[in-house]
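A, B, ... follow the sequence lines: proteins, then strands. Residue 1 opens every chain. All figures in this text were calculated on a predicted structure; none of them were measured in a lab.
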Amino acid sequence: MSEERSLNFLEQIIEEDIANGVNGGRVHTRFPPEPNGYLHIGHAKSICLNFGLAQKYNGLTNLRFDDTNPVKEDVEYVESIMEDVKWMGFQWNEVLFASDYFDQLYIYAETLIQKGLAYVDESTPEQIATFKGTPTTVGKPTPARSRSVEENLQLFREMKDGKHPDGAMVLRAKVDLASPNMLLRDPIMYRIKHAHHHRTGDKWCIYPMYDFAHGQSDSIEKITHSVCTLEFIPHRPLYDWFIKELDIFPSHQYEFARLNLSYTVMSKRKLLQLVQEGTVTGWDDPRMPTISGFRRKGYTAASIREFCERIGIAKRDNLIDLSLLEFCIREELNKTANRVMAVLDPIKLVITNYEAGKTEILNGENNPEDPNGGSREIPFSNTLYIEREDFMENPPKKFFRLGVGLSVRLKHAYIVKCESFEKDENGNVTTIYCSYIPESKSGSDTSGINVKGTIHWVSAAHAETAEVRLYDRLFKVENPAAEEGDFKDFINPDSLHIVEKAYIEPALAKAQLGDRFQFLRKGYFAVDPDSKPGALVFNRTVTLKDTWAKESKH
RNA sequence: UGCCCAAUAGUAUAAUGGUAGUACAGCAGAUUUUGGUUCUGCUUGUCUUGGUUCGAAUCCAGGUUGGGCAACCA
């Protein structure tokens with residue numbers, strides 16, 4: 001009686017292939033990033049898909065870097081990508097590089113020249129574009145198209161041997177200048193770049209285009225199901241053409257819709273711009289939609305995998321609600337994160353009928369959702385900090401917090417009733433005076449009094465301090481990419497709020513990097529790597545759902 | 001006005017010729033020592049016009065809308 005999730009269209013294809021004995025029932029996928037930036041949550045979708053399909057069907061997944069453009073690529077990115085894939089919880093079969101195949105690809109290129117299916121063209125980019133025609137008018141051959149095999153071979157070897165400067169000429173496939181598919185109008189296979197490659201060094205001064213590398217790389221690795229995003233659909237006929245003319249292993253490409261997430265951007269170019277211009281502190285800034293950003297913010301790999309599972313796989317363009325991702329991390333952290341008390345915007349509360357100087361050690365349950373979560377000691381005294389927003393001079397009707405005459409429970413402690421308050425010369429409330437009910441102690445309450453609200457607090461004399469970073473969405477609009485004009489015009493100016501001195505309960509001072517907590521009533525928080533001994537920094541991973549905040553806006 | 005892809009609640013995603021379901025979001029209520037969690041209930045959907053069929057979200061044709069394609073990027 002298991003509840004079976006229905007198959008997505010790729011799983012259906014694979015199950016049919018297995019049933020029909022295609023590739024002997026073998027399933028081999030690959031995740032093929034270009035090392036020109038950090039991985040983002042959209043890549044996480046692709047990682048979960050590619051590795052997930054192989055896992056489900058007892059197959060393998062290669063991690064292959066499509067490193068065909070040395071001027072944009074860097075080992076820093078290679079390393080971050082490997083770290084992120086590992087962190088996501090997946091194991092690759094092999095780490096491979098398209099640059100491993102440069103020799104083979106070169107041979108493929110000569111093979112096509114020999115077959116009269118490729119030619120060297122010294123036309124300028126503008127000339128090539130013009131001769132290609134437009135989607136509604138056919139292209140015309142450039143003079144180079146009729147060059148002899150021998151001459152093409154000689155020129156291509158000269159290109160390889162560095163006899164020509166960058167941009168002097170390219171190698172083009174001779175496919176079909178009249179094709180309605182613009183990518184088939186004699187696409188470029190090789191270009192000259194006298195550039196240092198992060199892996200092959202200075203061995204090459206010609207580099208294959210992505211379109212001449214990707215399909216063959218899949219083929220060389222005997223990839224059975226080459227899964228990529230929708231924008232590569234029109235490239236598929238070209239990959240199939242190369243595979244057919246080269247007579248090599250026929251990998252098949254399938255396309256799914258990439259992830260778009262509301263209130264952020266997913267283009268590597270734009271993310272790079274945010275990093276380079278200092279709009280964010282780096283690729284792993286917790287406001288970034290990168291895997292490393294989410295990790296630093298406190299997201300778990302499991303929650304991201306759960307998110308990728310829930311959004312599904314299909315072929316239609318989509319814009320996923322950020323709230324779904326937030327739901328996934330809350331769902332996990334609600335079960336696993338210990339509750340602690342931290343006051344981010346303090347106001348002093350003095351209990352007038354509690355003995356000054358006395359310290360009482362209270363017991364606090366760590367996690368009501370986890371029976372084995374244990375408890376901790378919390379010191380209590382007559383002078384506390386509470387959250388400024390938990391007091392109002394003129395409270396509205398359903399305000400279940402403090403105001404003169406109102407009572408609340410102090411979490412894990414006593415019920416207090418507000419009697420008066422003090423303001424400074426600017427009219428800011430500075431101190432609240434309360435009386436407590438001695439019989440109302442948590443766990444042994446005999447007072448018989450019921451209060452509607454419970455608030456968090458820390459004892460002023462025992463509190464430690466920490467920096468707390470509060471994040472909000474990076475963009476003000478739901479879909480920045482769809483807006484007219486510069487995407488940076490839609491950046492949320494309040495995406496980061498730093499609380500330099502938050503008061504935390506003493507038990508929290510022992511927090512380590514990697515720890516996650518629920519700050520009671522405030523949200524889930526994770527220790528940031530900027531933390532130093534005695535100077536903890538917490539990132540807010542996500543707020544708690546807050547129906548009061550929503551209601552009080554009306 | 002070429003070619004390709006897509007179209008099911010606000011957002012996603014199922015139903016594969018036979019009762020339009022699920023999740024998130026939203027709304028209302030119950031419970032609660034977190035205005036959290038949990039529980040209950042509710043609102044909202046097959047782009048359109050024809051055709052095939054006993055029966056169409058599903059198949060066919062036309063239209064509409066959205067997206068992609070003319071980088072020495074991937």
message: Can you work out whether K411(A) or L319(A) has the more 5'-proximal nearest nucleotide on RNA chain B?
response: L319(A)
- line: Residue pair E369(A)/N450(A) against RNA chain B: nearer the 5' end by closest nucleotide is N450(A)
[X] atom [atom1], neighbour heavy-atom count above 12 within 6.0 Å:
X: K140(A); atom1: NZ; result: no
X: Q127(A); atom1: CD; result: yes
X: K452(A); atom1: NZ; result: no
X: K417(A); atom1: NZ; result: no

Using atom [atom1] of each nucleotide, how far apart are [N] and [M] to the nearest Å?
N: A7(B); M: A57(B); atom1: C1'; value: 11 Å
N: G41(B); M: A23(B); atom1: P; value: 11 Å
N: C24(B); M: U58(B); atom1: C1'; value: 26 Å
N: U65(B); M: U48(B); atom1: C1'; value: 10 Å
N: C72(B); M: C59(B); atom1: P; value: 39 Å
N: U46(B); M: G21(B); atom1: C1'; value: 13 Å
N: U1(B); M: U64(B); atom1: C1'; value: 16 Å
N: A14(B); M: A6(B); atom1: P; value: 13 Å

Distance-only donor-acceptor test, R521(A) side-chain atoms vs U34(B) base atoms, 3.5 Å: no
query: Which nucleotides of nucleotides 67-74 of chain B have their base under 4.0 Å from a protein heavy atom (B), which only their sugar-phosphate (S), and which neither (-), written as one string 5' to 3'?
result: S-SBSBSB
- request: Report yes if the distance between the aromatic ring centroids of Y108(A) and F242(A) is under 6.0 Å, otherwise no.
  value: no
F232(A)/H214(A) aromatic ring centres below 6.0 Å: no
Remember a base hit wins even if backbone is also touched, and classify [X] as base, sugar-phosphate or nothing at under 4.0 Å, heavy atoms.
X: F131(A); value: nothing
X: R401(A); value: base
X: F400(A); value: base
X: Q518(A); value: base
X: G443(A); value: base
X: I320(A); value: sugar-phosphate
X: I313(A); value: sugar-phosphate

- prompt: Mind checking whether W204(A) and Y106(A) have parallel, tilted or perpendicular rings, split at 30° and 60°?
  reply: tilted
- prompt: Do the rings of F475(A) and F487(A) sit parallel, tilted or perpendicular, given the 30° and 60° boundaries?
  reply: tilted
- request: Going by the side chain to side chain contact (heavy atoms under 4.5 Å, CB included) test, name the single residue among K45(A), H40(A), M266(A) that passes it with L261(A).
  value: M266(A)
Any [X] side-chain nitrogen or oxygen under 4.0 Å from OP1 or OP2 of [N]:
X: R316(A); N: U13(B); value: yes
X: S179(A); N: C3(B); value: no
X: R330(A); N: C24(B); value: no

- prompt: So which nucleotide from C5(B), C24(B), G35(B) ends up closest to the side chain of I233(A)?
  reply: C5(B)
- prompt: So which nucleotide from U1(B), A23(B), U34(B) ends up closest to the side chain of L544(A)?
  reply: U34(B)
query: Using 4.0 Å as the upper bound for N to carboxylate O, is an ion pair formed by E221(A) and R30(A)?
result: no
query: Is the closest basic N to carboxylate O distance between R64(A) and D218(A) below 4.0 Å?
result: yes
- prompt: Which dot-bracket notation, 5' to 3', represents the base pairing of RNA chain B when pairs are defined as Watson-Crick or G-U with both distances under 3.5 Å, crossing pairs as [ ], and inter-strand pairs as |?
  reply: .((((((..((((....[..)))).(((((.......)))))....(((((..]....))))))))))).....
